[in-house]
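Reading through the structure tokens given below for one structure.
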Amino acid sequence: MDQPRRDPDIARAARLLASASRARMLKALADGRPLTTSDLAEEAGVSLATASVHLRQLTEAGLVVGEQRGRHHRHRLAGPEVVTALEALAVIAPPLPDPVASLRVSGRENALRRSRTCYDHLAGSLGVGLMETFVSRGLLRQEGARGTDLPATYGRAVEYHLTEEGGEAFGGFGIDLDRLRAGRRPVVLYCVDWSERRHHLAGSLGAALTARLFALGWLRYGVSPRVVHLTEPGGRGLAATFSYELAD
């Protein structure tokens, strides 16, 4: 007999995220790729010893999972729901008090807003722009609150459904929709994009689309965690395949 789920310890999760260093580590892991303790220490601006303490706390709380790859011990997020929580907090969070300190930091922030991963799917202006293109072309049907330019609660105020035209378009793009429908993960979900305050495509379709873009060489990872770049072939390919117009 299954045991009833105990009430979630929201206060404990909030205490973990209240540390700026731990929050930076979680954000660095938010594209789904595992990183070493050294990588995360550098990202958080702390020593290796301090990073190890933070990672132990995150692991004990079930937010991060450690894995051994050869001689290297790496860390990854426990699942996409961690990113969902981070993105939801980012929608309501005030901006950091410190001004942009350098051109490097400014360039990184601009790159994150332009195109990034939200665990395994696309976010930023690229992700939002693709979502709006799919809706306007009739590949996805929107039901509920009108307009994707307003913030909304996750998975409640609006529902998106894959249309027959969308099935043909995504299937023709090399995405196995039958396999997605057979999985446990919902095919179409959305996230409220923290930087754009609009919706981007999540769910197994969002993940499969992103994987396909990487496989074609239409996307590549940037130097900073989570940052991705649309390549020149990618820009042409999205325009030809989905009539997506790259924003200036």
Contact check, side chains of V64 and V82, non-hydrogen atoms, under 4.5 Å
no
Rounded at 0.5 Å granularity, tell me how far CG in L139 sits from CD in E165.
7.5 Å
For T210 and V228, what are the C-alpha separation, side-chain angles and deciding distance, and is it a side chain to side chain contact (heavy atoms under 4.5 Å, CB included)?
CA-CA 11 Å; T210 303; V228 297; over 6 Å; no
Heavy-atom distance under 4.5 Å between the side chains of T133 and L238, does that happen here?
no
Is there a side chain to side chain contact (heavy atoms under 4.5 Å, CB included) between L219 and L126 once you walk through the steps?
CA-CA 11 Å; L219 278 181; L126 176 59; 4.0 Å; yes
H54 side chain near R24 side chain, heavy-atom distance below 4.5 Å
no
Separation between CD (E42) and OG1 (T36), nearest 0.5 Å, reads 9.0 Å
Can you see which heavy atom on L180 is nearest to which on S204, and at what distance?
CB-OG, 3.7 Å
Would a 4.5 Å heavy-atom cut-off, applied to side chains only, mark F134 and L205 as touching?
no
Is there a side-chain contact between H121 and L209, using heavy atoms and a 4.5 Å cut-off?
no
Assess whether atom CD of E232 is packed by more than 12 heavy atoms of other residues, nucleotides or ligands within 6.0 Å.
no
Yes or no on side chain to side chain contact (heavy atoms under 4.5 Å, CB included) for L122 and L201, after CA distance, side-chain angles and deciding distance?
CA-CA 7 Å; L122 279 175; L201 179 63; over 6 Å; no
Candidate pair F173 and F242, rule ring pair (Phe, Tyr, Trp, His ring centres under 6.0 Å), full reasoning
CA-CA 10 Å; F173 189 56; F242 297 110; 5.2 Å; yes
Between R185 and D120, does any side-chain N to carboxylate O distance fall below 4.0 Å?
yes
Are L40 and L48 connected into the same hydrophobic cluster when the rule is that any two of I, L, V, M, F, W, Y join if their side-chain heavy atoms are below 4.5 Å apart?
no
To the nearest 0.5 Å, tell me how far L55 CG sits from S21 OG.
11.0 Å
Taking D193 as the fixed residue, which of R198, R116, R113 is the one that meets the side-chain hydrogen bond (donor to acceptor under 3.5 Å, both in side chains) rule?
R116
Nearest non-hydrogen partners of Y119 and P80, listed with the distance:
CD2-CB, 3.5 Å
Report the distance from atom CZ of R15 to atom CZ of R22, rounding to the nearest 0.5 Å.
10.0 Å
Nearest heavy-atom neighbours spanning P34 and R74:
CB-CB, 3.8 Å
I need the minimum non-hydrogen distance between A61 and L16, along with the two atoms involved.
CB-CD1, 3.2 Å
Hey, quick one: are V128 and V135 part of the same hydrophobic cluster, counting side-chain heavy atoms closer than 4.5 Å, chains of contacts allowed?
no
Minimum heavy-atom distance T231-G217, with the two atoms named:
OG1-O, 2.8 Å
Does V53 share a hydrophobic cluster with L17, counting links as ILVMFWY side-chain heavy atoms below 4.5 Å and allowing steps through other members?
no
First locate atom CE of M131, then atom NE2 of H200, and finally report the distance between them rounded to the nearest 0.5 Å.
8.5 Å
Count I, L, V, M, F, W, Y as connected when their side-chain heavy atoms are under 4.5 Å apart, and connections chain through other members. Are L58 and V65 then in the same cluster?
no
In terms of hydrophobic clusters joined by side-chain contacts under 4.5 Å, are Y244 and L216 together?
yes
Would you mind telling me which of E143, H199, R141 makes a side-chain hydrogen bond (donor to acceptor under 3.5 Å, both in side chains) with Y160?
H199
Atom of C118, atom of V83 and distance for their closest heavy-atom approach:
SG-CG1, 3.4 Å
Once you round to the nearest 0.5 Å, how far does CG of L86 lie from CG of L63?
8.5 Å
Can you confirm whether more than 12 heavy atoms, excluding those of E164, are under 6.0 Å from its CD atom?
no
Note, R114 side chain near L230 side chain (heavy atom, < 4.5 Å)
no
Report the C-alpha separation of M25 and V46 in whole Å, then their side-chain angles, then the decisive distance to 0.1 Å, and conclude whether the side chain to side chain contact (heavy atoms under 4.5 Å, CB included) test is met.
CA-CA 10 Å; M25 288 180 172; V46 298; 4.3 Å; yes
State, with a plain yes or no, whether a side-chain heavy atom of H75 is found less than 4.5 Å away from one of T37.
yes
Does some side-chain heavy atom of L29 sit less than 4.5 Å from a side-chain heavy atom of E43?
no
